[in-house]
There are 2 protein chains.
Amino acid sequence: MGSKKVDRRIKYTKMVLRESFINLLEKKDISQISIKEICEDADINRSTFYAHYNDQYDLIEKIQNQLFENIEMHLSAFTQNDLPIVPVDMVEQIFECIQENARLCKLLLSERGDLNFQKRVLMLVYEKIISDLTRGGTISKEDAEYIYAFTLTGCIGAIQKWLNDDMNKSPRFMAETIIRLTTLVL
Amino acid sequence: MGSKKVDRRIKYTKMVLRESFINLLEKKDISQISIKEICEDADINRSTFYAHYNDQYDLIEKIQNQLFENIEMHLSAFTQNDLPIVPVDMVEQIFECIQENARLCKLLLSERGDLNFQKRVLMLVYEKIISDLTRGGTISKEDAEYIYAFTLTGCIGAIQKWLNDDMNKSPRFMAETIIRLTTLVL
DNA sequence: GCTGTTTAACAACACCGTGTTTAATAAAAA
DNA sequence: TTTTTATTAAACACGGTGTTGTTAAACAGC
């Protein structure tokens, strides 16, 4: 099952490269991090880096892939027992996965984060939560702060969609929609 | 009023640099765009670029500043007549401003977009809409698509906040909060 | 409009990171 | 042990970077 045929040297190289890269990402933007810098920090030859990755962006993508594979594994193990899937539990699972990879997730989602990662998280959330929640129901209590976070980025999502649709709705319609959704939540 | 003391050469230089840069941004990611490339496209000496900007990221920030100043001007002109501010109208104004700068906004908010810009739009939306909407009320009709866009990015906002708060709430609480907000809107 | 002064744009320069290739070495796998 | 293969060091051409002093154009005063 587990492909244990991976050379130990490769394991080590990838490990230290990822570690050094993540350390650097906590200090500065990815665009300011040179491959030379990563290799020096990891004490790995630059040629070896190129044997595994094309550049920093390829490396960060591989790291993201690994993270998502990890999360998918957790979730599939959760849904494998044929019990009825309780949405709340499923979401809880996702948050637990995020918590387990807190350092990396925080890095990829924060200010200097990665828009590509945001999109992938968005897709994950969509697949695992939203699509299974086609039922209505009143949600009860909350911390006001989280509703704000929810509402704020929700507005941005609507604006993005509006632009992607080449603004085939009027500003008026959009304004009303945004106001509606906002007040609905608050 | 207008500071017309700006050298015509500077005006031209900045204009063509911004134009070339935006053209390139429509083709590839900012990280793949070299300063040399921008200058060749604009037919401007590289040294001249450095006289005005530090790098590509400085340039995009200046472009964003200009955009936001533009939007702020529109909005202040809108609120200057001491009529009561109708939130819907205000939001409509914002969307009209976005529409006027559609090309640039779409660029900065799309896949290859800028997280920094997202944050600034978020702040603008917060200041102009959310903070003025501390009243409740049922919002009526809608296009389902926009609610989805709103909900999806809203979840991401909650996750980001959760990570920024060092996850001082339990995964369970977060799961319940997300579910609550989601079903509330749907 | 013509002047001298200011300053923006320019060309040339040294520097550094990149990506690739070579042969040599060391370590893992069979 | 033998075979296979990953890592390494060194060298390479290439291209983008950021700064230098020089040239040319816009500005202010008359």
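Reminder, nothing fancy here: chain letters follow the sequence lines and each chain counts from 1.
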Euclidean distance, atom CZ of residue B:R9 to atom P of C:dA9 [Å, nearest integer]: 6 Å
Base of C:dG19 paired with side chain of A:R46 (donor-acceptor, under 3.5 Å): yes
Nearest-angstrom distance from the residue atom CD of A:E40 to C1' of D:dA9: 14 Å
Length of the line joining A:E37:CD and C:dC16:C1', which is rounded to integer Å: 13 Å
From D:dG16, C:dT18, D:dA26, nucleotide with atom closest to A:S34 side chain: C:dT18
Ring centers of B:F68, B:F117 separated by less than 6.0 Å: yes
Touch class at under 4.0 angstrom, heavy-atom based, for A:S47 against every strand present: base
N/O (side chain, A:H52) to phosphate O (OP1/OP2, D:dA6) under 4.0 Å: no
A:Y146 and A:F150 aromatic centres sub-6.0 Å: no
Rounded interatomic separation in angstrom, taking NZ from B:K11 and P from C:dA9: 13 Å
Phosphate-side-chain proximity, A:R8 and C:dA29, N/O vs OP1/OP2 below 4.0 Å: yes
Nearest-angstrom distance from the residue atom NZ of A:K36 to P of C:dC15: 14 Å
Euclidean distance, atom CD1 of residue B:I10 to atom C1' of D:dA25 [Å, nearest integer]: 12 Å
Length of the line joining B:M15:CE and C:dA9:C1', which is rounded to integer Å: 16 Å
Cationic N near anionic O, under 4.0 Å, A:E40 to A:R46: no
Atom-pair distance (CG on A:L17; P on D:dT7), nearest Å: 9 Å
Note: B:K62-B:D58 ion pair, threshold 4.0 Å (strictly below): yes
Closest nucleotide among C:dT18, D:dT8, D:dT17 to the A:I44 side chain: D:dT8
C:dA11 base / B:N45 side chain donor-acceptor hit below 3.5 Å: yes
B:D165 and B:K161 ion-paired at < 4.0 Å: yes
